Every structure is written in structure tokens, then in C-alpha cells.
Amino acid sequence: MNRIFSGVQPTGNLHLGNYLGAIRNWVRLQKEFECIFCVVDMHAITVWQEPAALTASTREVAAAMIASGVDPKANIIFNQSQVSAHAELAWVFNCVARLGWLNRMTQFKEKAGKNRENASVGLYAYPNLMAADILLYKATHVPVGEDQKQHIELARDIAQKFNNDFKTELFPVPEPLILGAATRVMSLRDGTKKMSKSDPSEYSRIAMTDGPDEIAKKIRKAKTDPEPLPTDREGMTGRPEAANLIGIYAALSDSDVEDVVKKYGGEQFSTFKQHLADLAVSSLGPIGEEMKRLMADPGYVDSVLRDGAERARAIAEPIMREVHDVVGFLRP
Ligand code: AMP
Ligand code: TRP
């Protein structure tokens, strides 16, 4: 049986990269798979979060999922900390994963920066918790943006080592699903940097709650080079900003990069940006509006998360019992 698991951290500033790299693909996958979507608040606290902001961001991410078209009845939407088995399985995986494996994780190196000694232990063990998220439900497929590929590979290694060490076939080896024309959306200010929640410049990203004027303004101000648009895929080489805007257009219009360069090749950026802004406003505008409406009704969002957590627990509990038996933990 196939089962999808994916997560987004409630760390504020949800953006177009989160939408195109992850959430938008989930909306399609819900038709084919049993899906579990998680607001990973326990991952968020690996770096400092103001408690009130964490609560608000948790609701915001849930609202983004629902507003984008994820059906909370047909799927499970919940926040990680409501299902304590995530932490429990993560501990077992802390004892399966090797230090050498974690030492290779590029996201830790980026996030910890120069002052590694001062990074939280949680930030270092982050990928083990992520493996627990996925394997707690025996998920087979994990739709994410390009930046999470290395973490999924680690989850695969953990599943295999656990199965090997304990001579079991308890865990499936999960597959990443990296889909669409914009699996790595770049900053609008610098085409060599990933669009990220933590970039100090608001103009580097389009927020999922930005209104039409903000979206249009950010696209108009997006960095480009002085040449007209390239006429083929090869022409995008060495032009990261052009490649990024073309990729965003392709993803938002459900077409390929080839189609976009065929249509706009040789045009000036000013024309293309106008069309891209119209497209972005028409796709994101209604989602942002719906998110705001949902965030004004926290009672409803909380009830979705509570109901999701209950259903998630029902799947996780028997799997956790299997883990206890395999590991040799005595249980009542
Ligand atoms: P995060 O905000 O780090 O929790 O990421 C949530 C999801 O969005 C993950 O699947 C990421 O891979 C995806 N994502 C984050 N930033 C980007 C980006 N700039 N481009 C594409 N996908 C992204
Ligand atoms: N680490 C992911 C990110 O920052 C979020 C995440 C946590 C996740 N657990 C997961 C994604 C499990 C997929 C599956 O983007």
C-alpha cells in the first residue's frame, strides 16, 4: 500500500517556494494516495521560536494547506507535537543513525553557521526526527522540494539499518517525490540563493498571504539581467534570475520551461514580468484570501488539527507497538 507523508515547519513567512515545491503538489497527490500532512512544530523549535508566534504559525501553515485545496476530511492534517510517538520513535532512531551520517547533512551546516558549538542538539538530530515522522506511518512516498532530498536519503538509510540490525522488514524504504517545474525556487533578489523564510528582505520572497499589489510589486522589482528572455533551455545557463522566473511561470501555469521559452523567448523582461505578475495574482490571490479567512477562525483550524491528530495516532499506535516488540522493549 502507498502512503504519503510530508511536513512544513511553522516558522512564519510561508512563501511561493513552499507552495510550488511542496503544498501545490500535495493537492494533486491526495487524489491518488492516502495522505498525511504535518505541521512540524517540534522541528521548528530546533531554533528559537517565540511561543505565541509558534502557535500562530502552526495555525497559518494548517490554513495554507486547507486554502491550497488539501481536503482535511479525506486526508490527515495535524501538528506533530499532538502525536507523542514522533518523539518516541525519534529517540530509537537517535540510536540507529550514526554520527558520521549526521555530520554530512548540509542543512545543519547552513543553519548552524560558524557558531556550531552553540547550535541546539535538536538541530543536529533534526533528520532523525524527520525519519521518525515518515516511518511512524510506514509512509512510502514523501513529496518535498529539492532541498530535502538529503534528509530523505538519511531516512532511507535509517529504515534500512533498522531493518537490518533487527532482522525485520518493519519499515518500507521511502521514496522522495520531487515534482513540478519549480522544485527549488530562488530568491527574487539573488538567483543563486534559495527563496527562504529567514531571508531578511521581504522582497526576496512572495508570501502566500501577499495581496495583488505586493505580488505585482515584488515581481516588478525582481532582479533580472539586461538581456531579453532566452529562446531555449540552454540560453538559461549562467542566467539564474531568468531561469528562476521562467521556472516559476512554468510551475504556476502547469507547463514546462520549454513551453515558456518558446512563448516568451526574445521578449523583454518588462513584458514577461507583467504576465508573470498576472498569473501569480490569479493563482495565489484566492489562496491568500482564504488563508486570512481561516486564520480569523482559529476554532475551526484547531478542530481540524485535533481531529487529524486523533486519526494520525490511530495509525501510529500499532506501528509503535511493533517497534517496541522488535527492539525488545517490555510493554504491558
Ligand atoms: P520548510 O519551510 O523548510 O518547512 O519547507 C517546507 C517544504 O517546502 C519542503 O518540502 C521544502 O522542500 C519546500 N521548500 C522550501 N523552500 C523551498 C524553495 N525555495 N523552493 C522549493 N521548495 C521549497
Ligand atoms: N524538514 C522539512 C523541511 O524543512 C520538514 C519536514 C519535517 C518534513 N518532517 C518531514 C518533510 C517529513 C517531509 C517529511 O522542509
Side-chain angles (χ1 to χ4, degrees), residues 3-26 29 35-47 49 54 57-58 60-62 64-65 68 76 78-81 83 86-87 89-90 93 105-108 110-111 122-123 125-156 158-159 174-199 204-208 240 243-244 247-248 251-252 312:
R3 185 179 279 151
I4 293 258
F5 184 97
S6 196
V8 177
Q9 298 187 70
T11 43
N13 296 333
L14 269 180
H15 55 70
L16 184 65
N18 298 125
Y19 180 63
L20 294 179
I23 302 174
R24 184 180 166 94
N25 298 320
W26 305 354
L29 291 164
C35 296
I36 306 175
F37 299 122
C38 188
V39 186
V40 290
D41 47 8
M42 288 159 60
H43 277 102
I45 62 161
T46 56
V47 296
Q49 304 297 326
L54 180 67
S57 295
T58 300
E60 185 190 11
V61 173
M65 293 177 187
S68 301
I76 293 178
F78 76 110
N79 59 309
Q80 193 181 26
S81 60
V83 181
H86 287 256
L89 185 58
F93 289 169
M105 295 294 113
T106 53
Q107 185 174 295
F108 174 76
E110 281 161 24
K111 285 200 179 175
L123 188 66
Y126 178 116
N128 295 345
L129 176 60
M130 182 161 159
D133 297 340
I134 299 165
L135 296 171
L136 182 58
Y137 305 95
K138 297 193 182 177
T140 52
H141 295 81
V142 189
V144 283
E146 180 74 42
D147 61 337
Q148 293 304 310
K149 206 169 160 200
Q150 195 185 34
H151 287 158
I152 313 279
E153 271 157 22
L154 190 96
R156 291 168 62 85
I158 289 178
E175 296 284 341
L177 291 177
I178 299 175
L179 305 167
T183 58
R184 189 174 170 82
V185 178
M186 308 308 277
S187 157
L188 299 180
R189 306 262 77 197
D190 177 353
T192 64
K193 265 174 47 191
K194 192 176 73 170
M195 184 177 284
S196 109
K197 291 168 172 171
S198 55
D199 193 312
S204 69
R205 62 182 163 262
I206 294 174
M208 285 186 72
N244 189 36
I248 292 172
L252 283 174

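In each ligand, atom 1 is the first atom listed, and ligand 1 is the first ligand listed. None of these values were measured; they are calculated from a predicted model.
- Sorted by chain and number, the heavy-atom contacts of ligand 2 below 4.0 Å come from F5, S6, G7, Q9, V40, H43, Y126, M130, D133, I134, V142, V144, Q148.
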* Kindly indicate, with the supporting measurements, whether the criterion side-chain contact (heavy atoms from CB on, under 4.5 Å) is fulfilled by Q80 and V39. => CA-CA 6 Å; Q80 193 181 26; V39 186; over 6 Å; no
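- Checking side-chain atoms of T46 against main-chain N and O of H43 turns up a donor-acceptor pair under 3.5 Å.
- Between Y126 and H151, the distance separating the two ring centers is shorter than 6.0 angstrom.
- Note on ring orientation: taking the six-membered ring where Trp is involved, the planes of F37 and W26 are parallel (angle under 30°, cut-offs 30° and 60°).
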Ignoring hydrogens and angles, write down the donor-acceptor pairs under 3.5 Å from the side chains of residues 177-188, residues two or more places apart or on other chains.
unit_1	atom_1	unit_2	atom_2	d
S187	OG	R189	N	3.0
S187	OG	D190	N	3.2

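- For NZ of K111, the number of neighbouring non-hydrogen atoms (other residues, nucleotides, ligands) closer than 6.0 Å is greater than 12.
- The salt bridge (charged side-chain N to carboxylate O under 4.0 Å, His left out) search around E175 returns R156, not counting sequence neighbours.
- The pair R205-D199 does not meet the salt-bridge criterion, since no charged nitrogen lies less than 4.0 angstrom from a carboxylate oxygen.
- Ring-plane geometry between F5 and Y137 is classed as parallel, the angle between the planes falling under 30 degrees on a 0 to 90 degree scale with a further cut at 60.
- Ligand 1 is surrounded by G7, V8, Q9, H15, G17, N18, G21, A22, V144, G145, D147, Q148, T183, R184, V185, K194, M195, K197, each with at least one heavy atom closer than 4.0 Å.
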